[in-house]
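Below: the structure, in structure tokens.
Letters A, B, ... are given to chains in the order of the sequence lines, protein chains preceding strands, and every chain is numbered from 1. Heavy atoms only: backbone and side chains are in, while hydrogens, waters and symmetry mates are out.
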Amino acid sequence: MSESIANAPEPMAVVAPDTTSNPTIQATHAPQVEDQDDSMSEDDKPLMKKQAANGGNKNKKRIGGDSSSEDDKPLSKKPRVSKGTANKKRRVVDSDSDSDESEAGPSVKKETQPTPKTNGTSKPRSSTSRKPPTSPAQSESDLSEDEKPLAKRASAKTNGNGNGKPASRTKAKPAKKEPSDDEESLSEQSSASSSEDDKPLAKKKAAAKPRQSTSSTKSASTSTAAKKKVKAEPKSEDSDDDDDVPLAKGKAKTTTAKDKKPVVKKEKKVKEEEDDEEKYKWWEQEAEGDGEVKWTTFEHNAVLFPPPYIPLPKNVKMKYDGVALTLPPESEEVAGFFGAMIETDHAQDAKFRENFFKDFKAVLDKYPPKENVKVKSLDKCDFKPMFEHFEREKEKKKAMTKDEKKAIKEAKDKLEAPYLFCVVDGRKEKVGNFRAEPPGLFRGRGEHPKKGTLKHRLRPEDIIINIGKDATEPIPNIPGKWKGVQHDNTVTWLAHWKENVNGNAKYVFLSAGSSWKGQSDRAKFEKARELIKHVDKIRKDYTEDLKSKVMADRQRATALYFIDRLALRAGNEKGEDEADTVGCCSLRYEHVTLSPPNTVVFDFLGKDSMRFFQEVKVDAQVFKNIKLFKAEPKQKGDDLFDRLSTTLLNKHLNSMMPGLTAKVFRTYNASWTFQKQLKNTPKNGTVAEKIAAYNTANREVAILCNHQKSVSKNYEGSKAKHEDKIRALKYQRMKLRLQLFSLDPKMKKKQPELAEDESDMDEDFIERHETELLEKALDNAQKKHEKDNIKLEEEGSKKKDKKELDERLKEIKDEFKELKKERKSKKVEPRRGATEEKLIEQIGKMDERIATAKVQLGDREKLKDVALGTSKINYIDPRITVAWAKKYDVPLEKLFSKTLREKFPWAEAEANKGWIF
DNA sequence: AAGTAGACTTAGTAGAAGCAAA
DNA sequence: TTTGCTTCTACTAAGTCTACTT
């Protein structure tokens, strides 16, 4: 198992940071974990990192253990007065002690085996268990760790996701209802009383707070349908308001405050339009509107429907039981959806096939083949002719001339042009997904019960558009009328429909680079920064609550601990007809295993069915709590936190800080970790080295957030290639070395390090390699000869004859014979012009190249299953990147792609090199 | 209190676009 | 040029979270 963690000396060093209880620590907000030096072997770290690393860790201060010490038995002791609950007597969670015992039995045993089960179940992706991240804090250590990993990882790995669907996936209701003895009391009381006392606290507070920032406010005004509609009016007055508004000047910091403004304002910003072309710099404006009204005028063309289905050529037909079927376009289209995928994994997936076939049959019933054939089995359907046709079409397309391609592109651009932009309050803004989703087969991820289901073609009748009252109503590009047209200026979508597969809502919004998205993005990061100010207190509180006598509070505290330390998602409840994935609040009994003394093993499928597998050392109290939460009557299938829901959790969070929700912790921890990791940037490194440090930091964050990608199927192959390349370099180095020794045998003594043979340079490889080289050389000579002749011919000169070529080939062969001798003798004659100095220099260069190649190889390995993009796009405050780029003088375009730069113009404008998160 | 609708953010991946090596 | 990747975008699924209903 993950040794790394396990070995860590202090219990939690890794994870548990700490902090929490200690008030003194301040500056360190983060989850950081201490740097546990030990776990990281220094050697592993790349050079630059090393240096950097030791620099910055001031966090050492973090005290780690204290909390644990505390936890002792406290239950009784700590009267959780704070909440008033105490008196109430909400139950008592009983002591840990007892619970311990009882639990010991069952849970301990089985859980203890930390070992992961291996089995596959899970996703198709690489089952690698990604090494988990470990707490953010741990990151540093982690770094080093990764290097080793391969092996280690392997051990850890395994995948089994263990998620067998629980026999009873019932939400633990049972437990709830009939709690065990202990629990009972707990539950009952808590529920009853709690409602009164306990919550009050929270609620009150919450209520009191004014909602602010973008997020909320809706409450007030909204009232169903009517609600929305008429909100736009206010604008005029407001505009003035703007000016008055005193606050918010300092953007960065103050911003949050500003949001409060209750007033609805919308301003149609001044100057009309010269700035038409310019982009609207909303971040330079004074406090913007509040959260309620989003626009005053809104013009757009809604969605672009895809072209109608074009039947396949008559000769392309699917076959059923050997018979070619002539399908009407309606059913042929559906057959084609599957036919195009027959080489993908989906087509092999039982559920996918089942769902597809059910829908396909229904379509066939309505639009049967001309040949009176009843299609009864998918296995007898042969889509290959269709598949091959599609492949041919692809080829054709690829083979088109540049001009043809260009013409097609132009036509497409022209068609799409009207949809690219919309006009909001007189400003031009880019629309995001204006193309109506084409029909196809639903590609649900993981074990989605609906995967393979037919997704219908959208018609105007399916779509509701949202547009300004005075705007001209767009006309659909295919026949039909919109399902509805509304003018709700409290929302930002242009069009909306309900998709038939899951009944989910789909929307057309503006692009990521739009002002609306930019503003809310910025607000998100500001919220996360605000958390910095509260996090110490929050941690202290939940640490305290870990011992609460009120079960609900205790669970909430424990959940929060995980959310904060492990960056888990909130974990809303999900329905039966969705993939069985969980987040923190929805963790079930089987997802968490205990391994004494204080390790908790998480193994579950999270969002997108990505496996989260991690062994974590936790505070003793947390360990006890989990034991308690898994105690007796509970079993596989039951909720771990049966008294907690995301709503409850968020209500509590909101009471600690307005606007705070579970997801803010992810943003905060990600950005915080990133900023901290960037301290490892080599001050005097090359740009490439700096970027490498940046990427390493990015990677830490990605690991923290469990952002994965499937390893490409040619990964192994390409890795082997790279390894061969390295060996080829080593081969060259060897030749240089041997020449040197021929020149001056004394060098062996003088520089003993040169006398050592290159690693993995066995005779076998050398022979193979030389053969390859020979072949290549011969081939090249041949080609050169041909080429030269063509040229000579064109010039009208006379061609070289074959003899010449043969001679040349012979020469080459002779040279290689030389090599063979050298191989045997291990001696290499110095090549012409070789001198000791030159050779030494060349060897040095070769060493460098080898080292670089090795580093590259290692980097690729480390990144093969980690996705950096998601955290860059969604979790890392872009201002950190901008500031870093300025500070270290790295061009921003090396860090942000074009679309990212379009998404974060505000960050570029706002952050200077001293900016900190 | 629990379930649902609604709106918006976050997620991995397929395929297009770029780019470097052959 | 063509090939063989790597990188970037587009796409759309899958979350979060609030407000509304029942």
Side-chain angles (χ1 to χ4, degrees), chain A residues 123-125 171 191 195 211 214-225 227-228 291 294 341 344 394 397-398 405 409 432-435 437-438 440 442-446 448 450-451 455 466 488 490-493 496 498-499 501-507 509-512 516-517 520-521 524 569-575 578-579 581-583 585-586 606-610 645-651 653-654 659-664 666-667 670 705-710 712 714 717-718 721 776 779-780 783 860 863 865 867-871 873-875 896-900 902:
Chain A
K123 353 203 61 280
R125 54 189 28 278
K171 278 353 198 72
S191 50
S195 49
R211 221 156 212 292
T214 56
S215 50
S216 31
T217 345
K218 291 196 161 180
S219 45
S221 35
T222 9
S223 74
T224 333
K227 66 178 179 187
K228 328 200 139 194
K294 306 284 184 23
M341 312 173 62
T344 68
K394 269 189 227 162
K397 216 167 145 197
K398 243 187 6 202
K405 284 183 187 162
K409 173 124 200 304
N433 54 328
F434 58 84
R435 293 178 197 86
E437 292 182 14
F442 174 68
R443 288 150 115 105
R445 329 245 238 220
H448 193 117
K450 299 271 186 73
K451 60 181 165 183
K455 204 167 77 159
N466 187 49
D488 182 353
T490 65
V491 296
T492 65
W493 51 268
H496 149 250
K498 201 155 183 192
E499 148 270 326
V501 178
N502 297 291
N504 291 334
K506 298 280 193 143
Y507 296 83
F509 289 115
L510 293 195
S511 75
W516 281 339
K517 296 285 192 190
S520 59
D521 221 27
K524 169 184 74 186
R569 296 189 183 79
N572 286 315
E573 291 293 320
K574 293 190 69 183
E578 298 176 90
T581 61
V582 300
C585 296
S586 48
K607 183 178 181 179
D608 289 306
S609 293
M610 303 314 286
S645 70
T646 52
T647 309
L648 246 33
L649 177 66
N650 282 336
K651 276 200 172 125
L653 290 174
N654 190 58
L660 184 61
T661 62
K663 81 193 262 286
V664 178
R666 266 169 83 80
T667 311
C705 296
N706 200 224
H707 291 144
Q708 313 186 28
K709 71 178 184 199
S710 49
S712 89
N714 9 354
S718 106
K721 237 181 234 174
K776 214 177 268 170
D779 206 46
N780 283 157
K783 279 193 188 135
R860 286 163 54 89
L863 287 174
D865 56 355
L868 300 190
T870 309
S871 51
I873 295 169
N874 302 299
Y875 289 102
F896 283 168
S897 65
K898 179 164 135 281
T899 39
L900 275 188
E902 281 168 10

Quiz item: Within less than 4.0 Å of OP1 or OP2 of C:dC17, is there a side-chain N or O belonging to A:Thr647?
Solution: no

Self-check item: C:dC5 OP1/OP2 closer than 4.0 Å to side-chain N/O of A:Lys721
Solution: yes

Exercise. Go through C:dG15, B:dA7, C:dT18 for me and flag the one nearest to the A:Tyr507 side chain.
Key: B:dA7

Quiz item: When the distance from NZ of A:Lys397 to P of B:dG15 is rounded to whole Å, what number comes out?
Solution: 11 Å

Quiz item: Reckon A:Thr661 has a side-chain N or O less than 4.0 Å from the OP1 or OP2 of C:dT16?
Solution: no

Quiz prompt | Nearest to side-chain heavy atoms of A:Ser897, which nucleotide of C:dT9, B:dA7, B:dT10 | solution = C:dT9

Quiz prompt | Audit row: A:Leu649, A:Cys585, side-chain contact (heavy atoms from CB on, under 4.5 Å) steps and yes/no | solution = CA-CA 9 Å; A:Leu649 177 66; A:Cys585 296; 3.9 Å; yes

Practice problem: Give me the ring orientation class for A:Tyr507 and A:Phe509: parallel if the planes are under 30° apart, tilted from 30 to 60°, perpendicular past 60°. | Solution: parallel

Quiz item: Do you know the tightest heavy-atom contact between A:Ser586 and A:Asn572?
Solution: OG-O, 3.7 Å

Quiz item: Base, sugar-phosphate alone, or nothing: which one does A:Gly583 contact when heavy atoms must sit under 4.0 Å apart?
Solution: nothing

Exercise. With rounding to the nearest 0.5 Å, note down the distance linking CG in A:Asn874 to NZ in A:Lys524.
Key: 5.0 Å

Exercise. Would you mind telling me which residue lines up with the more 5' stretch of DNA chain B, A:Lys409 or A:Thr492, judged by nearest nucleotide?
Key: A:Thr492

Quiz item: Which part of the nucleic acid, if any, lies within reach of A:Lys455 when heavy atoms closer than 4.0 Å are counted: base, sugar-phosphate only, or nothing?
Solution: sugar-phosphate

Quiz item: Under 4.0 Å between a side-chain N/O of A:Lys506 and OP1 or OP2 of C:dA13, yes or no?
Solution: yes

Quiz item: Think A:Arg435 has a side-chain N or O under 4.0 angstrom from the OP1 or OP2 of C:dC11?
Solution: yes

Quiz prompt | Along DNA chain C (nearest heavy atom to each residue), the more 5'-positioned of A:Ile873 and A:Gly571 | solution = A:Ile873

Quiz item: Should A:Arg666 be listed as having a side-chain N or O under 4.0 Å from OP1 or OP2 of C:dG15?
Solution: no

Quiz item: What does A:Thr646 touch in the nucleic acid at a heavy-atom separation under 4.0 angstrom: a base, only the sugar-phosphate, or nothing?
Solution: nothing

Quiz item: Expressed in angstrom and rounded to an integer, what is the separation of A:His707 atom NE2 from B:dT9 atom P?
Solution: 16 Å

Quiz item: Between C:dC11, B:dT9, B:dG12, which nucleotide gets closest to the side-chain atoms of A:Met610?
Solution: B:dG12

Quiz item: How about A:Thr492 and A:Leu510: do any of their side-chain heavy atoms sit closer than 4.5 Å?
Solution: no

Quiz item: Do A:Arg445 and A:Thr581 have side-chain atoms, one donor and one acceptor, less than 3.5 Å apart?
Solution: no

Quiz item: Do any side-chain nitrogens or oxygens of A:Lys517 fall under 4.0 Å of OP1 or OP2 in B:dC8?
Solution: no

Practice problem: State, yes or no, whether a side-chain contact exists between A:Arg860 and A:Ser718 at a heavy-atom distance under 4.5 Å. | Solution: yes

Practice problem: Just call it for A:His496: base, sugar-phosphate, or nothing, with non-hydrogen atoms closer than 4.0 Å on any strand. | Solution: nothing

Practice problem: Check whether any side-chain N or O of A:Ser710 sits under 4.0 Å from OP1 or OP2 of B:dG12, and answer yes or no. | Solution: no

Self-check item: Phosphate-side-chain proximity, A:Lys574 and C:dA14, N/O vs OP1/OP2 below 4.0 Å
Solution: no

Quiz prompt | Nearest-Å distance for atom pair CG/P, residues A:Asp608 and C:dG15 | solution = 6 Å

Exercise. Find which nucleotide of DNA chain B each of A:Arg443 and A:Tyr875 is nearest to by heavy atoms, and output the residue with the more 5' nucleotide.
Key: A:Tyr875

Self-check item: Distance, rounded to the nearest Å, where A:Leu868 contributes CG and B:dT10 contributes C1'
Solution: 16 Å

Quiz prompt | B:dT10 base / A:Lys607 side chain donor-acceptor hit below 3.5 Å | solution = yes

Practice problem: Would you mind classifying the nucleic acid contact of A:Ala570 as base, sugar-phosphate or nothing, using non-hydrogen atoms under 4.0 angstrom? | Solution: sugar-phosphate

Quiz item: Does C:dC11 have OP1 or OP2 sitting under 4.0 Å from an N or O in the side chain of A:Asn433?
Solution: no

Quiz item: Nearest-Å distance, CD (A:Gln708) to C1' (B:dT10)?
Solution: 15 Å

Quiz item: Would you say a side-chain N or O of A:Ser718 is under 4.0 Å from OP1 or OP2 of C:dG4?
Solution: no

Exercise. Quickly work out the A:Lys524 NZ to C:dG15 C1' distance and round it to whole Å.
Key: 13 Å

Practice problem: Using only side-chain N and O atoms of A:Lys294, determine if any of them is under 4.0 Å from OP1 or OP2 of B:dC8. | Solution: yes

Practice problem: May I ask you to say what A:Phe442 touches in the nucleic acid, namely base, sugar-phosphate or nothing, with a heavy-atom cut-off under 4.0 Å? | Solution: sugar-phosphate

Practice problem: Figure out the CG/C1' separation between A:Asn874 and C:dA14, and round it to whole Å. | Solution: 13 Å

Self-check item: Candidates A:Arg666, A:His707, A:Lys663 - the one meeting side-chain hydrogen bond (donor to acceptor under 3.5 Å, both in side chains) with A:Tyr875
Solution: A:Arg666

Practice problem: Select from A:Lys663 and A:Gly444 the residue whose nearest nucleotide in DNA chain C is closer to the 5' end of that strand. | Solution: A:Gly444

Quiz item: Please give, in whole Å, the distance from B:dA7 C1' to A:Asn572 CG?
Solution: 14 Å

Practice problem: Please tell me which of the listed nucleotides, C:dA13, C:dT9, C:dC17, lies nearest to the side chain of A:Arg445? | Solution: C:dA13

Quiz item: Is A:Gly869 touching bases, backbone alone, or none of the nucleic acid, heavy atoms closer than 4.0 Å?
Solution: nothing

